[in-house]
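Quantities reported herein were computed from a predicted structural model and do not represent experimental measurements.
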Amino acid sequence: MNLTVILGALELGAIFSILSLGLYISFKVLDIPDLTVDGSFTTGCAVSAIVTVASSPALGLLLAFVAGALAGLVTGLLITKLKINAILAGILTQTALYSINLRIMDGKPNISLLDSKTIFTNINQVTNYGTLILLFIFVIVIVLLLNYFLKTQLGLALRACGDNEDMVRASSIDTDKMKLIGLSLANGLVGLSGALYTQQQTYSDITAGIGMMVIGLASIIIGTTFIKNEKVLVSLIATVVGAIFYRFVLTFALQVGITSGDLKLLSAVIVVIAISSTKLKLRGKKNARS
């Protein structure tokens, strides 16, 4: 792999690590299998593209976060108020978002940003590593903010809701409110990841979000498998490392001749291997004790 390929893998790894941090909130903290991700990622792409074309790339990131958070809020309301199964609620929101995203993009399946200024334009004029530097600044800031948030009273209540919902409810904490906050934050980060992806790739596509949930899950599973620690900060860092490692695996696969059409299959296989290896290790330890 040459330097250009390595830089590209690092940049995409950083972008998808933000997606994975969002999934960390829903899957690991709240213990909710949220399938909204594929739709909210595309929402972030669409909003960012439209606002960037209007010459406001930074505002595009903010609005993409808000749009993603609203998508998560809808899923949360379906779960908490209408008592719809979490998986089905995510699927319903994701399905509805396809039409909404198409409307945001003014009915166009894709939008080019080649003639528009992005948040990376100015820094790339200063250094060839501008995009990578800015992306990792985003990742570091988000990790630090999440670490701080999850240690606040609200964050601790959020974590407790995922660990033992009945106990939290008995402590007079509104578990429905916790789920709404958690899912909104999670999908807000997913939307932000989509916004950064669009501005880095200089285009938005209606199918951009397909398979993003698998990418996020793979990143979390790989990271937490290799870096095992109960501390919040370490778990967040492990998620970032997992996302970057996962991206390098896919990049290497492309370099050795695997076609881009087979990457989704490879992604699924990686997730299966990561999950099964963890289960096999636990089973091996139980057998050793017995």
Do F65 and L185 come within less than 4.5 Å of each other through their side chains, counting heavy atoms only? yes
I84, L30: one ILVMFWY side-chain cluster at the under-4.5 Å cut-off? no
Heavy atoms, side chains only, cut-off 4.5 Å: are L196 and I119 in contact? yes
Output yes when E11 and R247 qualify as a salt bridge under the 4.0 Å nitrogen-oxygen rule, no when they do not. no
Is there a side-chain contact between L250 and L266, using heavy atoms and a 4.5 Å cut-off? yes
Could you note down all residue pairs passing ring-ring contact (aromatic ring centres under 6.0 Å, His included) where residues 171-192 supplies at least one of them, sequence neighbours left out? none
Heavy-atom nearest pair, C45 first then A208, reads SG-CB, 4.1 Å
Quick one: are V240 and I244 in side-chain contact, heavy atoms under 4.5 Å? yes
Check step by step if side-chain contact (heavy atoms from CB on, under 4.5 Å) holds for K228 and V234. CA-CA 8 Å; K228 295 182 179 180; V234 177; over 6 Å; no
Contact list for residues 129-139, test side chain to side chain donor-acceptor pair (under 3.5 Å), sequence neighbours left out: N124-T131
I'd like to know if the side chain of D205 reaches the main chain of N110, judged simply by a donor and an acceptor atom lying under 3.5 Å from each other, with no hydrogens or angles considered. no
Rounded at 0.5 Å granularity, tell me how far OG1 in T239 sits from CG in L19. 11.0 Å
Any side-chain donor paired with an acceptor under 3.5 Å for S267 and Y246? yes
Hey, could you give me the CD1/CG distance between I25 and D34, rounded to the nearest 0.5 Å? 12.0 Å
The reported gap from CG in L7 to CG in N2 (rounded to nearest 0.5 angstrom) is 9.0 Å
Side-chain polar contacts of residues 137-157 - donor-acceptor pairs under 3.5 angstrom, sequence neighbours left out - could you list them?
residue	atom	partner	partner atom	Å
N147	OD1	L233	N	3.4
T152	OG1	F149	O	2.5
T152	OG1	G155	N	3.2

Donor + acceptor pair across side chains of S40, N187 (<3.5 Å): yes
First locate atom OG of S20, then atom NZ of K28, and finally report the distance between them rounded to the nearest 0.5 Å. 12.5 Å
Donor-acceptor check, side chain of S184 to backbone of G72, threshold 3.5 angstrom: yes or no? no
Short question: side chain of D106, backbone of K108 - any donor-acceptor pair under 3.5 Å? no
Looking at F245, I'd like to know if its CZ atom is crowded, meaning that more than 12 non-hydrogen atoms belonging to other residues, nucleotides or ligands lie closer than 6.0 Å. no
Derivation and outcome, side-chain hydrogen bond (donor to acceptor under 3.5 Å, both in side chains), residues T42 and N101: CA-CA 7 Å; T42 308; N101 293 336; 4.5 Å; no
Hydrophobic cluster partners of Y98 (side-chain heavy atoms under 4.5 Å): V47, I50, V51, V53, L59, L62, L63, L97, I100, L102, I104, M105, I111, L113, I206
Main-chain N/O of L35 paired with Q94 side-chain donor or acceptor, under 3.5 Å: yes
Linking I/L/V/M/F/W/Y whenever their side-chain heavy atoms sit closer than 4.5 Å, directly or via other members, would L189 and L180 fall into one cluster? no
Under 4.5 Å between side-chain heavy atoms, hopping through other hydrophobics if needed: is there a path connecting L217 to I91? yes
Which side chain to side chain donor-acceptor pair (under 3.5 Å) pairs, counting each pair once, include a residue from residues 74-83, with sequence neighbours left out? T36-T75, T75-T93
Does K177 form a side-chain contact (heavy atoms from CB on, under 4.5 Å) with I181? I'd like the steps, not just the answer. CA-CA 6 Å; K177 181 181 178 181; I181 292 173; 4.0 Å; yes
Looking at CG of D166 and CZ of R169, how far apart are the two atoms once the value is rounded to the nearest 0.5 Å? 5.5 Å
Answer whether the closest heavy-atom distance between the side chains of L158 and V29 falls below 4.5 Å. yes
Which pair of heavy atoms, one from T52 and one from Q199, lies closest together, and at what distance? OG1-NE2, 3.3 Å
Are any non-hydrogen side-chain atoms of I32 and K179 less than 4.5 angstrom apart? yes
Please list all pairs meeting ring-ring contact (aromatic ring centres under 6.0 Å, His included) that have one or both residues in residues 182-223, counting only residues at least two apart or in different chains. F16-Y197, F41-Y197
Check whether any side-chain heavy atom of E165 lies under 4.5 Å from a side-chain heavy atom of V168, and answer yes or no. no
Heavy-atom side-chain contact between I79 and L183 under 4.5 Å: yes
Under 4.5 Å between side-chain heavy atoms, hopping through other hydrophobics if needed: is there a path connecting I222 to F248? yes
Least distance between heavy atoms, M178 atom then I173 atom: CG-CG2, 4.1 Å
I'd like to know if V190 and L12 are part of one continuous hydrophobic network [Ile/Leu/Val/Met/Phe/Trp/Tyr, side-chain heavy atoms within less than 4.5 Å]. yes
Return yes if a side-chain donor-acceptor contact under 3.5 Å exists between S235 and E230, otherwise no. no
Roughly how far apart are I215 CD1 and I220 CD1, rounded to 0.5 Å? 12.0 Å
